[in-house]
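Each ligand, and each atom within it, is numbered from 1 in the order the structure gives.
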Amino acid sequence: METTRSVLITGGAGFIGSHVVRRFVNKYPSYLIVNADKLTYAGNLENLTDIEKKDNYIFEKIDIADKNSVTALFRKYSFHGVIHLAAESHVDRSITSPDEFVITNIVGTVNLLNAALNCWKNNFDNKIFYHISTDEVYGTLGKEGKFTEETGYDPRSPYSASKASSDHMVRAYFHTYGLPALISNCSNNYGPNQFPEKLIPLAINNIKNNKPVPVYGKGENIRDWLYVEDHSAAIDILFHKGKAGETYNIGGNNEWKNIDLIRMLCRIMDRKLVRSEGTSEKLITFVKDRPGHDLRYAIDSTKLCRETGWSPLPDFEAGLEKTVEWYLNNTGWMENVISGDYEKYYELMYSGR
Ligand code: NAD
Ligand code: TYD
């Protein structure tokens with residue numbers, strides 16, 4: 001099939017990126033999808049084995065912080081669109097080693113902006129640079145209210161500060177150079193293929209193995225959870241219909257205290273593992289809180305819903321149950337991630353190519 005559009009997806013071997021890559025490769029056979037990923041500890045090509053042989057898919061092992069590689073990539077493919085997901089994404093890691101977050105999330109984003117600007121500067125028609133960001137840039141909420149697109153930025157962790165900086169650079173390129181760019185800020189995602197350093201896959205894996213489930217502080221912190229496929233659907237819509245210069249908030253309208261979420265997960269795990277009720281809850285262990293732990297995130301996605309008709313999965317328990325089933329049916333994936341064996345997959349599949 002003739003290629004109508006070449007699209008760069010950065011970070012496509014990660015959690016959300018792999019869902020976005022799969023969706024675009026399958027749904028848009030006339031697009032050439034180039035997945036550019038450094039394959040850090042969070043990048044796993046085993047997430048994409050089902051589509052890796054498709055004609056409209058190419059993988060490029062690239063560090064976005066390396067300006068020359070990024071420039072060469074744009075020269076090679078003359079992209080029409082960019083969906084930028086590559087990032088260091090874990091708050092706890094950003095607390096112990098913030099430098100990587102500055103290098104990838106800020107410098108890496110600026111390298112991509114420069115390359116896109118250089119490639120598109122004579123003709124911005126039908127081009128779009130779509131930057132995927134987080135609700136964490138808005139800081140923390142008290143008991144009331146939700147983040148809207150007008151909420152002022154107030155990041156409080158090195159992760160959220162690095163994402164906020166990259167958002168500012170994207171907006172600066174729109175206003176200063178006219179680069180057609182848009183941003184979406186999303187709440188916490190959950191679903192298959194999430195690296196087990198994040199709360200939900202970590203808890204599923206520990207419960208399965210009868211290990212303590214660490215809950216920070218008193219478990220009172222609140223997050224707004226969104227199924228990863230709902231995020232991926234919103235990205236698809238915004239890539240095609242979002243307006244340059246605009247920001248869109250994406251959320252699940254689904255707020256849960258960590259402790260209540262973990263208790264629900266324990267009940268689901270008891271059912272799935274055919275354990276007597278209450279067995280998994282005994283594994284809950286309260287541990288020292290994360291420094292600067294944001295109390296509450298909640299997203300108002302009215303703008304996205306009103307303008308595009310997008311809406312999230314209504315039933316969180318069903319989404320969580322589907323997620324649990326995926327992890328229990330894919331124990332090989334989890335074992336490879338934990339042992340680090342997935343890192344050998346690249347060598348096996350791509351060496352000599
Ligand atoms: P992830 O950590 O699972 O994946 C990140 C991917 O980026 C990995 O494949 C990694 O190899 C790649 N990467 C890291 N540094 C790179 C570099 N220097 N060059 C090229 N590739 C690099 O992250 P995720 O949870 O899938 O998040 C994806 C994006 O969505 C991030 O930008 C994140 O800030 C944003 N986001 C995530 C959530 C969430 O709940 N996970 C919510 C809102 C927004
Ligand atoms: P996480 O999945 O790291 O996402 P984020 O920090 O980006 O929101 O954490 C979700 C919530 O769960 C957050 O309030 C921190 C808390 N948490 C725990 O209580 N225990 C854990 O082991 C982890 C990883 C997180």
Side-chain angles (χ1 to χ4, degrees), residues 9-21 35-45 47-48 60-66 69-70 73 83-95 100-101 103-105 107-109 111-112 131-137 140 157 159-160 162-163 166-167 183-191 193-203 206 212-226 228 231-232 235 249-252 256-259 261-262 284-290 292-297 299 343 346:
I9 301 183
T10 70
F15 166 47
I16 303 170
S18 60
H19 288 268
V20 175
V21 165
N35 170 13
D37 197 299
K38 181 183 175 184
L39 300 183
T40 66
Y41 78 94
N44 181 355
L45 287 175
N47 293 344
L48 291 167
E60 293 275 3
K61 189 170 188 296
I62 295 274
D63 180 352
I64 58 165
D66 177 7
S69 306
V70 173
L73 190 71
I83 305 177
H84 174 35
L85 294 118
E88 288 293 336
S89 70
H90 191 41
V91 175
D92 293 326
R93 283 184 194 253
S94 82
I95 294 168
E100 257 329 287
F101 287 71
I103 292 166
T104 287
N105 298 2
V107 177
T109 300
N111 285 341
L112 288 163
H131 177 63
I132 308 300
S133 192
T134 168
D135 60 355
E136 305 192 24
V137 298
T140 184
S157 74
Y159 164 64
S160 54
S162 68
K163 290 297 288 188
S166 63
D167 292 10
I183 301 175
S184 59
N185 297 82
C186 189
S187 60
N188 286 63
N189 284 217
Y190 72 99
N193 304 101
Q194 188 168 28
F195 195 83
E197 64 186 352
K198 304 279 166 63
L199 180 67
I200 291 179
L202 183 145
N206 285 15
V213 178
V215 174
Y216 297 167
K218 295 180 180 154
E220 298 282 314
N221 304 68
I222 294 172
R223 297 292 182 264
D224 173 358
W225 293 94
L226 180 72
V228 63
H231 189 187
S232 179
I235 290 173
N249 279 356
I250 310 174
W256 284 80
K257 258 188 202 163
N258 290 340
I259 188 63
L261 185 162
I262 293 297
I284 293 176
T285 309
F286 293 97
V287 299
K288 191 164 171 280
D289 209 351
R290 170 188 282 171
H293 196 172
D294 289 339
L295 176 68
R296 176 172 164 254
Y297 303 144
I299 276 273
E343 288 175 299
Y346 174 77

Near His90, which atoms of ligand 2 are under 4.0 Å from a heavy atom of that residue? 3 (O)
Among all protein heavy atoms in this structure, tell me which lies nearest to atom 16 (C) of ligand 2, with the distance rounded to 0.1 Å. Asn258 ND2, 3.5 Å
Between His131 and Thr109, do the side chains contain an N or O donor and an N or O acceptor separated by less than 3.5 Å? no
What do you reckon, does Pro214 have a nitrogen or oxygen under 3.5 Å from a nitrogen or oxygen of ligand 2? yes
Once you round to the nearest 0.5 Å, how far does CD of Glu220 lie from CG of Leu295? 8.5 Å
What pairs with Pro214 under side chain to side chain contact (heavy atoms under 4.5 Å, CB included), at least two apart in sequence or on another chain? Leu202, Asn206, Val287
Looking only at side chains, do Glu136 and Tyr297 share a donor and an acceptor under 3.5 Å apart? yes
Side-chain atoms of residues 9-16: list all donor-acceptor pairs with protein atoms under 3.5 Å, sequence neighbours left out, distances to 0.1 Å.
from, atom 1, to, atom 2, distance (Å)
Thr10, OG1, His84, ND1, 2.7
Thr10, OG1, Leu85, N, 2.8
Thr10, OG1, Ala86, N, 3.0

With a cut-off of 4.0 Å, which atoms of ligand 2 are near a heavy atom of Val91? 6 (O), 7 (O)
For the CD1 atom of Ile183 and the OG atom of Ser133, what is their distance to the nearest 0.5 Å? 7.0 Å
Purely on distance, is any nitrogen or oxygen of Tyr216 under 3.5 Å from one on ligand 2? yes
Quick one: does Lys198 get an N or O within less than 3.5 Å of an N or O on ligand 2? no
Is the shortest N/O to N/O distance between Arg223 and ligand 2 below 3.5 Å? yes
Protein contact to atom 13 (C) of ligand 2 [nearest heavy atom, distance to 0.1 Å]: His293 NE2, 3.5 Å
At under 4.0 Å between heavy atoms, is it the side chain or the backbone of Asn188 that contacts ligand 2, or both, or neither? side chain
Those residues that, when tested against Glu60, pass side chain to side chain contact (heavy atoms under 4.5 Å, CB included) (two or more places apart): Val34, Ile58, Ile62, Leu73, Lys76, Tyr77
Considering only protein heavy atoms, which is closest to atom 7 (O) of ligand 2, and at what distance to one decimal place? Glu136 OE2, 2.6 Å
Over all heavy atoms of both residues, which pair between His90 and Phe101 is shortest? Give the atoms and the distance, please. O-CZ, 3.3 Å
Near Val215 (heavy-atom distance under 4.0 Å), the atoms of ligand 2 are 19 (O)
Which residue and atom name correspond to the protein heavy atom nearest atom 2 (O) of ligand 2, and how close is it? Leu199 N, 3.0 Å
Trp225 to Leu261 - nearest heavy-atom pair and separation: NE1-CD1, 3.0 Å
Is the closest N or O pair between Trp225 and ligand 2 shorter than 3.5 Å? no
Look at Arg93 together with Glu100 and state whether they make a salt bridge at an N to O cut-off of under 4.0 Å. no
Who's the nearest protein heavy-atom neighbour of atom 24 (C) of ligand 2, and how far? Glu197 O, 3.2 Å
Which residue owns the protein heavy atom closest to atom 3 (O) of ligand 2, what's the atom, and how far is it? Arg290 NH2, 3.1 Å
Ile299 CD1 to Ile250 CD1 distance, which is reported to the nearest 0.5 Å: 8.5 Å
Donor-acceptor check, side chain of Asn105 to backbone of Lys163, threshold 3.5 angstrom: yes or no? no
Can you name the residues that come within less than 4.0 Å of ligand 1, going by heavy atoms only? Gly11, Ala13, Gly14, Phe15, Ile16, Asp37, Lys38, Leu39, Thr40, Ala42, Gly43, Ile62, Asp63, Ile64, Leu85, Ala86, Ala87, Ser89, Thr104, Ile132, Ser133, Thr134, Tyr159, Lys163, Cys186, Ser187, Asn188, Asn189
How close do Ile284 and Ile259 get, counting heavy atoms only, and between which atoms? CG2-CD1, 4.0 Å
